Amino acid sequence: MIVLVINCGSSSVKYNLIETEGEAEICSGIVERIGAVTSIIKHQPGNESARKESKVILNHAEALQEIMNFLLSSENKIINSPDDIKAVGHRVVHGGEMFKDSVLIDDVVKEAIEQAFDLAPLHNPPNLKGIEAAQERLPDIPHVAVFDTAFHHSLPPYAYLYGIPNRLYRRHKIRKYGFHGTSHYYVSRQYYKLNEKPKSQIKVVTCHLGNGASIAAIKGGESVDTSMGFTPLSGLVMGTRSGDLDPSILFYIMEKEELSLNALHAMLNRHSGLLGLSGYAADMRDLISEAKNGDRRCQQAIDVFCYNIKKYIGSYMAVMNGCDAILFTAGIGENSPLIRKKSVEEMESMGVVMDQEKNLNITPGKIEKISADSSIVDLYVIPTNEELVIAIDAAKIATASNQSPWI
Ligand code: AMP
């Protein structure tokens, strides 16, 4: 089945056209800077060279139209008719407490996504815009919402409750939700396929290390804890997000720096993390190269990043009474031997030993084992594929089949 996967940000629409039976990507692309003076459009049809252009794209509906025009154009011949697309899968960041699985989108679901605007003000509003634009353009096929939070629905109350008055949970649903669910789900399933043990006996720590970063503890196929919380701001230090900090710091800096709530929000989300620590860049490649040139603050940013990863890995091994594997994924996890090495070094007493040769010599895009033969815990690099999870869930729901190809 051909499924269109849509991921809408405030000024961008990413798409992937996926043939689900063969798990093959037919085309992908992005429309960026929607609403700016000129928008940038990129399409990547299969293995062909990428097509790029600049154009005025005023809103998400126009971006969708642009994407459909490209897919349908006689020159590109990617699909012959809109009817070739049998379902649309939408990435939705926050499903609140309502959704523990992907769902067929109807008015009630759209209302629930809107109710979660307060919980994810940067993500859910553009996600809903994308849904409405796509439903307008492709009205006769099923649209499915796949939530970043859904996989973490299995967290027990002792893992998702914060130590604040319980009425705040009851009134405002303040609790840990967790994000990057499709990625943690996907890489853990890839590991199960390599394993002879039944899923119910496998414990893994999945490290999604990208510009946004989170770690999950997955026991018997279910997420039992994860580093992101009420919002994607908590947990690990990220590209521009602070990760965990003492909440008193907020009152203190608001007063000392005379910051408004908006300014504080911007500082923690956009000017902190690796960027804030280094004062130089949010991008790990830039930090690694400057640290090599002797920049002390870039080196410190890398050290803080890796130290936090190690702390979470250690605590999740404690939570699960050990683990079978630690899995690295996403931009940094898949591509940086240095960060992988620093994140698990000197953990021999916990049964974690990396083979540095293997860690250095992996093939990009492939699943690679990087633990030493002496390691009790497996270490793997597993490329993530969140879009495939979304496409397969959308196909499954569109055909109303309960037979998931995932384990
Ligand atoms: P993502 O959000 O998953 O696209 O990941 C983006 C992050 O991956 C950025 O911080 C990039 O610098 C980082 N990244 C990509 N390639 C490499 C690499 N070869 N070495 C280190 N970091 C990388």
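Just so you know, these numbers come straight off a predicted model, no measurement behind them. Every number for a ligand or one of its atoms is a count from 1 in the order of the listing.
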Give me the residue, atom name and distance of the protein heavy atom closest to [atom].
atom: atom 12 (O) of ligand 1; result: D283 OD1, 2.4 Å
atom: atom 13 (C) of ligand 1; result: I332 CG1, 3.5 Å
atom: atom 21 (C) of ligand 1; result: S336 CB, 3.6 Å
atom: atom 18 (C) of ligand 1; result: N335 CB, 3.5 Å
atom: atom 14 (N) of ligand 1; result: G331 O, 3.6 Å
atom: atom 23 (C) of ligand 1; result: R285 CG, 3.6 Å

Less than 4.5 Å apart, side chain to side chain, heavy atoms only: is that true for [X] and [Y]?
X: V3; Y: V88; answer: no
X: V224; Y: I218; answer: no
X: I326; Y: C323; answer: yes

Say whether [X], considering both its backbone and side-chain N or O atoms, lies within less than 3.5 Å of an N or O atom on ligand 1.
X: N211; result: yes
X: H208; result: no
X: G212; result: no
X: M284; result: yes

Please determine, by modelled atom types, if [X] and [Y] share a side-chain donor-acceptor pair under 3.5 angstrom.
X: Q115; Y: K110; answer: no
X: S214; Y: H180; answer: yes
X: E368; Y: T363; answer: yes

*asked:* With heavy-atom distances below 4.0 Å as the criterion, list the atoms of ligand 1 near G210.
replied: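 Every atom of ligand 1 under 4.0 Å from some heavy atom of G210: 1 (P), 2 (O), 3 (O), 5 (O).
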_Using ring centroids (six-membered ring only for Trp), state whether H184 and H152 fall under 6.0 Å._
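They qualify: ring centres under 6.0 Å apart.
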*asked:* Do R175 and Y177 form a cation-pi contact, if we require the NZ or CZ to be under 6.0 Å from the six-membered ring centre and within 45 degrees of the ring's axis?
replied: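 Judged by the rule, R175 and Y177 form a cation-pi pair.
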*Mark whether atom 3 (O) of ligand 1 lies under 4.0 angstrom from at least one protein heavy atom.*
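Yes.
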